[in-house]
Number of protein chains: 2
Amino acid sequence: MALPSEQLQLNPRFNQLKELLRSANYSKKIKKGSFLFQEGMPANELYLICSGKLQMIKTCPDGKEMCFRICSVGEIVGELTLFTNDPKYLLTAKVIEDGEVAVIEKDYLEEQLLLNPSLTFEYMQWLSNHTRRTQTKFRDLILHGKKGALYSTLIRMSNSYGIPLKDGSILIDLPLKNQDLANFCGTTRESVNRMLNALKNKGILSIKRGKITIHDLDYLKSEIQCENCPVEICRIE
Amino acid sequence: MALPSEQLQLNPRFNQLKELLRSANYSKKIKKGSFLFQEGMPANELYLICSGKLQMIKTCPDGKEMCFRICSVGEIVGELTLFTNDPKYLLTAKVIEDGEVAVIEKDYLEEQLLLNPSLTFEYMQWLSNHTRRTQTKFRDLILHGKKGALYSTLIRMSNSYGIPLKDGSILIDLPLKNQDLANFCGTTRESVNRMLNALKNKGILSIKRGKITIHDLDYLKSEIQCENCPVEICRIE
DNA sequence: TTATCGGTGTGACGAATATCACACTTTTAT
DNA sequence: ATAAAAGTGTGATATTCGTCACACCGATAA
């Protein structure tokens, strides 16, 4: 059997796993504003996004929402239901852009994962990274107030969706409303608005047609005592 | 090396995994105040706690600490380094009670996990639950202010370390300083102190010799709009 | 015993953040 | 094109929370 280190070279981007998911026997159209699944629902399926965009959110009875990830083409959702005793979705998948997802049966995937060690390896690697990302987010979101939460979110957005521009700035290629950012940070849209405008005035970032461009990422990093953890980890998604 | 097996049976889940860890070829004494490992250190080993207690913390350059778990006998630490490209510990393991840990080589465990599907299954199950716990903590810690963070922490402590008493109360069998709780919640010891005293005055809880007894768990739950997620998930550790 | 130490309890105050209200701007739908 | 809807910007005010200061409490070691 191949050693982990060799496999690591072979599959840096989880190709086997996605290949398997792509072979799904059917797909499903998703419509903006609808939900692919909602928290609490029994979970029998996972999805690979073929097109469109999803927000993975946790809702509160009082109407508040907390956003964990924004997922688009090539990403896997519903993953945390695998190998659980009582499979229910923990999060809600809200469609924010029309598209299509490949559907795969949870049971089938579990079976395949246990049969195919190199697939297992990919999945574990993916899940480990996922967990590491979630855990590092904690420090930033909780330990440096709401400003820290926003700055951290912007940095992670840069790493996840950023396009480097000629002048060294980074365009976050995702239309984000103030409220969206607030949902990532656990704050209010008004607070986000004020903080963003303060950053604009300092020349740290600018906003055009709903998309943010970061001009001075280092400023944001220094404000939250960023330790430059690997980009693999310091991401939204 | 012989480990007292009855200790490992405290938690009936994940027996295969623990059995494997138990076969570790050596163990290490841990001394209160020292660190089993520190974040950033290259990670080549995992540990199974035989005795003693550890705090898994994330530190900040400015001296703040965030506590994720308190681990004792039968628990596995250092797990998130498995299957990562650049294996470094993300958290620091601070010893808060003398003891001993079984040491297992990361490479060896990775190999075993890929060779043995039923071991794989246990590990994935464990990691999934771990991730689900971390994720659900987010909502509580971020969405309901510091009071929500404390209440959530107390509820999770009850599920993790609670001993039901005859009168229906729950004793959290773990000596906790105000500062410890503050580190779990991302707040200050003064704030924790005020909130705890407010809860004492309302008869929600009482404290004797450093240990908290919850008299009215439902009050705490209702305050943070708890959805009674499975106890498997709603835990500190 | 007393001195020391780590922890608790609490007031005063200021900073950070939420809330409310409303005007203004941009986007979307008809 | 125009109206309606959605999103942004901002002041005023309330609330939450952190910070500082210091008294107190209880264990323990000299």
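For the numbers below, each heavy atom of this structure counts, side chains included, while hydrogens, waters and symmetry mates do not.
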- Message: From the set C/dT17, D/dT8, C/dT8, return the single nucleotide nearest to any side-chain atom of A/K146.
- Response: C/dT17
- Residue among B/Q225, B/E227, B/H144 satisfying side chain to side chain donor-acceptor pair (under 3.5 Å) with B/R139: B/E227
- May I ask you to say what B/K64 touches in the nucleic acid, namely base, sugar-phosphate or nothing, with a heavy-atom cut-off under 4.0 Å? nothing
- Task: From the options D/dT8, C/dC20, D/dC22, select the nucleotide whose nearest atom is closest to the side chain of A/R189.
- Result: D/dT8
- Task: Answer yes or no: is there an ion pair linking B/D216 with B/K202, defined by an N-O contact shorter than 4.0 Å?
- Result: no
- Given atom CG of A/L181 and atom P of C/dT17, what is their separation to the nearest angstrom? 15 Å
- Between B/K147 and D/dC17, is there a side-chain N or O to OP1/OP2 distance below 4.0 Å? no
- Would you indicate which nucleotide in D/dG18, C/dA18, C/dG9 comes nearest to any side-chain atom of A/S191? C/dA18
- Closest heavy-atom pair, A/S160 versus A/R235, reported as atoms and distance to 0.1 Å, is OG-CB, 3.3 Å
- Item | Sugar-phosphate only, base, or nothing, as touched by B/N178 at under 4.0 Å among non-hydrogen atoms | sugar-phosphate
- Of the listed D/dT8, C/dC20, D/dT19, the closest approach to the A/R194 side chain comes from C/dC20
- Query: Is any side-chain N of the basic residue among B/K32 and B/E97 closer than 4.0 Å to the acidic one's carboxylate O?
  - Reply: no
- Proximity to the side chain of B/E190 - top-ranked nucleotide from C/dT17, D/dC20, D/dC17: D/dC20
